[in-house]
Structures are given as C-alpha cells and as structure tokens.
Amino acid sequence: MKRIRRLKETKKRNEKDSSTESTFKDISLDLQKNIENIKKMLGESSDLTIREIRSGTDETMLIAVIFIDGLADKVMVQESVIDPLMLDIRKTDISMNVIQNASFYEILKHFSLAACELKEIHRFQPLYEHLLSGDTIILIQDESKGFAIGSRNWKDRDVNEPTSQTVIRGPKDGFTETIRTNTALLRRKIKDPSLWIETNPIGHKTKTDVALVYLKGVVDENILQEVRERLKKIDTDSILESAYIEEYIQDNTYTPFPTIFNSERPDTIAAGILEGRVAIIVDGTPFVLLVPTLFVQFFQSSEDYYQRFDISVMVRLLRYISFFLALLTPSAYIAVTTFHQEMLPTSLLVSLAAQREGTPFPALIEALLMELTFEVLREAGIRMPRAVGSAISIVGALVLGQAAVEAGIVSSAMVIVVSITAISSFVMPSFNLAISLRVLRFPFMLLAATFGLFGIITGIIAMVLHLCSLRSFGVPYMSPMAPIIPKDQKDSILRAPLWKIRTRPSFISKNDKTRNATPPPKPESN
C-alpha cells in the first residue's frame, strides 16, 4: 500500500512539474510542439482559437495565429493579422534588397503586420499573459520567438455619472471598470507630459493590471517608492477590487478609520494627483485609490471648489457638525436621560418622562433596538433588488415610525434621535467615513450607559489620541491640525478663496510647492 501511495504521489509531482515546466520554458522551433503545449496548458478550452495558415510568396511558411474568442477583437485580427499574412504579403516585392537580406520573421515585423502594438515574446510565460489578456499571438515554424499583437476588445461599460459621489455642479463623468478608460479620463484632465503611469500585474491567478499614476516632479519620491515597495510585497492569487489592494498596503489594520481614500470621480483623483498624491487604478473596478490620505479629505467634496468659497465654508462646517451628530446623538440622549436629567429644562424633562412611562426598556436597550433595526433595514435596502426595494421603505417607515411608538416598544423621542443620526450620517461625502461612524456609535452608547457624559468625553479623548497616532504612508493622518501647519489651514476645515491657496499641502509634496500664482481679483480703475 505504501508503495502504491508513493507511486501516486510521484505521478502527481511529475504532472505538476510538467505543467510548471510547460509554463516557464522557451518557445520551441517546432510550431506543432508549441501549439500542443498551449492546448495542454489551457486544457483545450473551447474559447481558444488557433488558426494555422501558410504564408509567403511560395506559401511554404507555416504560421499559427492564436487568440481567445471573446477577449480579442475578431475584426482587428482579420484585418490586421490574417489578411496581411495570407493576402498582402504575396503582393510584397521581395526583390528589394532590404527584404532580400531580411528573414521571414523580420519581414513580418517590419513590412507585413499592420498593428499598433507589437511585442516580441521568447518564453511561454509572457505568451500566456498576453493571450489571456486579449492579445493575439503569432508563432512561426523554425522560429524560437513570436509576436504578441494588441487586440484587446472586451465589453466595456460606458462612462456614466458616479453613483456614490454625485454633485449638482461639476463633471458628470465617472470611472469605469476598464483601466485604459480610467487612465484616459485622467489624461483628459491633466494634459501634461509629467503625468506618468506605471502598470504592473498583481495576483498569481488573476494577473490584475494595477497602475500607479503620479505627477513627476511634484510627487514626493519617498512616498512613491514606499507605494511601489508595498505593492511589490503583495503575494496573493487574486485581486478582484481595489479594496484588496487597500487592505494589503494600508498602514494600520486595526482602526475603524479609513487611511486610504477612494473615489469614482476623475476630477477628485486628478485634484489629488495635482497636490502630489499617488493614484492607484485597479483594472476591473471604478473605485480609484489615492494616497497618502488625510482625515480632512473625507469632509471635502469636489463640489466645494465649484461653488463660491463662502458657500463651501458653510457646507464644510455643516459636515463637521453632522459628523458629531451622527456619532454622538444616541449616546448623548442615553447619558442625559439616564444620569444627567438636571441638564434638561423641566418642561422637556416632564415630556420625556411622560413619553417613556409605558416603555419597558432602559434608554440603552431602546437605542440599541432602534439602531440595529435601522442598520438591518439599510443593509436590506442595499442588497434587495430594485423591484422590491420600495417594500423595504414601507416596512422601514412602519417599524421606525408611529407603529413602534404606539406598541410601547420605544418612545417618540428615540425615533427622533435615530432619525437625526441617520440623516446626519448621509451628509458625509465619503462612504468610508460614514461606515466608520456606524461602527463607532455603539461603543459610545455603551460608554454613555455606563459612565454618562464622563464616558462620552473619555471616548472622545481616546478617539482623538488614536487619530493622532495614525499615519498614511508616513504622513500624519490628522495634519494639518496635528501637527498644526498654519499655511495649510487654507484648505482643511475651512476653504479660502482659490487665489489664496498658493501652495500644495506641506506633507504631501516637498518638491514643487507652488501651485497657484494668480493675483487677487481687482477691477481695473476707469
């Protein structure tokens, strides 16, 4: 039995070694052997298309055109590869000295193949990468190298308005799932040769294209190198969304606060790149990452810069107030009604007492019931199909509305508290921070039920200390407030007029600090 088991293990090992060897070995001179290797490696998949043709003036050159049906553009393959190989090359005047002295491989490369992208390949590993990305492979008999011709043409979604970050005034275009569309959208915003793009595949199985986009000369080289190093360390089978990259490269895992910013908006990402940040575009997702990230970024919207500065200041202040309302309203209600009734006006206290007279639960349980119910309804509303989504709204209105009060489960005041909390959380421009608030609200409610307002203040101090300890690629997360940088305050909590914002954030860009030299607007005297 041991011998049989050993033989089976040896057979499996040999099969694995054979597969690995087939993946990494050089292309052979024997065309049929190369085709057999490709068929064996891809399991003779039904979408693998191999077209063997005879080419040359005397039709003696044997060529294989290989592509994946569905990934490659068939029209392009026909017009730029098949037609030149079968028809056009026969019309080529091979009496020319240049052609006479060249090999058939060189003739194809320089005179026949009319493709924009053409790369030479010598090994099977890059051959499979190109083939499975939608490129067309050309292999020639008695040649130990081939061509990879760019013919990618998979289905792409149109450029539409972003769903997660809508604005009233501003561009309506959003990123799509195709990396080249996304880089083109950024090129359209920043028409400067110093906008550099580095693309590398990540993921052993998915080989997802991940692009670094930055402004050469403006970006901090230390930060850029740090991003490169962290991406190189990723050793995984699959990258299916930019959230995978975010979790692998973020500075601190055990924090509820996001330390990497993401956006669907090309103007938001372009503004970050112009400040000296590095954008990370992942093929297959419309969410682009932006590093390094500051806490104040999550309160800023691209629309802030499309409105007058005084309007933007008011809206930003409203967001900060909403942040504290969404975080602390339920806990403040619990603390005041449980421990600090003397802080309330007598009439309000009597009214609250009357409302809670028939309620069987303490304020903490009441709040937890309503908050958990609201979270369940929100998750159900997101996951449910749109056709039945209205049913969730009706059920939600019944559960969180007058019916719950009349049943004596919760008081009317608690319904108001939960409503204020929910509406305030929707004011956040960034969904990442809104999720953090949902998580943090519950510890604050427990602290309020245990220690009252002293517990809430202790929680706030701990949260601020934690925020000050965070870093995003070496940059203090709370800058420019901690450490305080006066000149960077022009675009942090408040926003100064655009002509006053003359420098880039100090911690983000240390090379080219000046970004604006526009004089203040002044009417010409008559």
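Counting begins at 1 with the first residue of the sequence. Every value quoted in this text rests on a predicted model; they were computed, and no experiment measured them.
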**Q** Got a second to check how far K39's NZ is from S45's OG, nearest 0.5 Å?
**A** 12.0 Å
**Q** Given N182 and L186, is the side chain to side chain contact (heavy atoms under 4.5 Å, CB included) satisfied, shown in steps?
**A** CA-CA 6 Å; N182 296 341; L186 289 177; over 6 Å; no
**Q** Between S263 and Q165, does any side-chain donor sit less than 3.5 Å from a side-chain acceptor?
**A** yes
**Q** Drop me the distance from S133's OG to D209's CG, to the nearest 0.5 angstrom.
**A**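 The OG atom of S133 sits 6.0 Å away from the CG atom of D209.
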**Q** With side chain to side chain contact (heavy atoms under 4.5 Å, CB included) as the test, would you mind laying out the steps for S472 and Q297 before giving the verdict?
**A** CA-CA 12 Å; S472 178; Q297 259 182 278; over 6 Å; no
**Q** Side chains of Q225 and E221 only: does a donor on one sit below 3.5 Å from an acceptor on the other?
**A**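 Note: Q225 and E221 side chains miss the donor-acceptor criterion.
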**Q** Determine yes or no for a side-chain-to-main-chain donor-acceptor pair under 3.5 angstrom, with R504 supplying the side chain and T514 the backbone.
**A** yes
**Q** For the pair T293 and T259, evaluate side chain to side chain contact (heavy atoms under 4.5 Å, CB included) and give the outcome as yes or no after the intermediate values.
**A** CA-CA 6 Å; T293 300; T259 53; 5.6 Å; no
**Q** Taking P292's backbone N and O only, do any of them form a donor-acceptor pair with R277's side chain (distance below 3.5 Å, no angle check)?
**A**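 Yes, the answer is positive, given that a donor and an acceptor are paired below the 3.5 Å cut-off.
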**Q** Does the pair D283/K207 count as a salt bridge with the N-to-O cut at 4.0 Å?
**A** no
**Q** Would you say the side-chain atoms of K513 pair up with the backbone N or O of K510, donor to acceptor, closer than 3.5 Å?
**A**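 A pair under 3.5 Å: no.
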**Q** Is it true that E371 and R441 make a salt bridge, defined as a side-chain N closer than 4.0 Å to a carboxylate O?
**A** yes
**Q** Checking side-chain hydrogen bond (donor to acceptor under 3.5 Å, both in side chains) for the pair T518/N516: CA distance, chi angles, key distance, verdict?
**A** CA-CA 6 Å; T518 309; N516 183 17; 2.7 Å; yes
**Q** Could you check whether K500 pairs with D491 (Lys NZ or Arg NE/NH1/NH2 to Asp/Glu carboxylate O, under 4.0 Å)?
**A** no
**Q** Under a 4.0 Å N-O cut-off, is there an ion pair linking R230 with E226?
**A** yes
**Q** Ion pair present between R152 and D135, side-chain N to carboxylate O less than 4.0 angstrom?
**A**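 Between D135 and R152 there is a salt bridge, with a charged N closer than 4.0 Å to a carboxylate O.
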